[in-house]
Amino acid sequence: MRKNKFGNIAREIATIAARREALALTAFDAVESRWPSLARALLEDAGSKRRAAHWLCAPSRACGGKSPCDQLAEGDEDRVWDLWEGFGEADVPRRPSDLQLAC
């Protein structure tokens, strides 16, 4: 009986993990549609859609435990760019509005 209980728990955890993965990828798809330049920057620096999606859905201490996805839901794209700039390497992309044309 006890072994069966743990088997059920393990299956439920696997189901939840698969659903979480699917939701993270769906969140990234939504970012691609609404904020394409942000999605391109995340994808370029993260190296894969999966890694970028997980970053979007992970809680951030800098935001009081909210995720970048939460910030976007609240309409704060600038905050997500700020978070990303702190996450990537030295050559992280800047917001398009910060880019300057060479003359």
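Keep in mind the model is a prediction, meaning the values are calculated, not measured.
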Task: Value rounded to 0.5 Å, distance of CG in Leu43 from CG in Leu38 - done: 11.0 Å
TODO: To the nearest 0.5 Å, tell me how far Cys63 SG sits from Asp82 CG.
DONE: 9.0 Å
Tell me, please, which residues at least two apart from [X] pass salt bridge (Lys or Arg N to Asp or Glu O under 4.0 Å).
| X | answer |
| --- | --- |
| Asp29 | Lys49 |
| Glu32 | none |
| Arg40 | none |

Open item on the list: Run the side chain to side chain donor-acceptor pair (under 3.5 Å) test against Arg34 and tell me which residues pass, sequence neighbours left out.
Closed with: none
Open item on the list: Under the rule for side chain to side chain donor-acceptor pair (under 3.5 Å), what residues qualify as partners of Ser67, not counting sequence neighbours?
Closed with: Asp70
- [ ] Decide whether Trp81 and Glu77 meet the rule of one side-chain donor and one side-chain acceptor closer than 3.5 Å.
- [x] yes
[Y] side chain reached by [X] side chain, heavy atoms, under 4.5 Å:
| X | Y | result |
| --- | --- | --- |
| Trp84 | Pro68 | no |
| Leu72 | Leu56 | yes |
| Val80 | Trp35 | no |

Heavy-atom pair with the smallest gap, counting every atom of [X] and [Y]:
| X | Y | value |
| --- | --- | --- |
| Ala52 | Ala46 | N-CB, 3.7 Å |
| Asn4 | Arg11 | OD1-NH2, 4.1 Å |
| Ala62 | Arg79 | O-NH2, 2.7 Å |
| Cys57 | Arg20 | O-NH2, 4.3 Å |

Open item on the list: List the residues meeting side chain to side chain contact (heavy atoms under 4.5 Å, CB included) with Ile16, not counting sequence neighbours, and say none if there are none.
Closed with: Glu12
Task: Salt-bridge criterion met for Lys66 and Glu74 (N-O under 4.0 Å) - done: yes
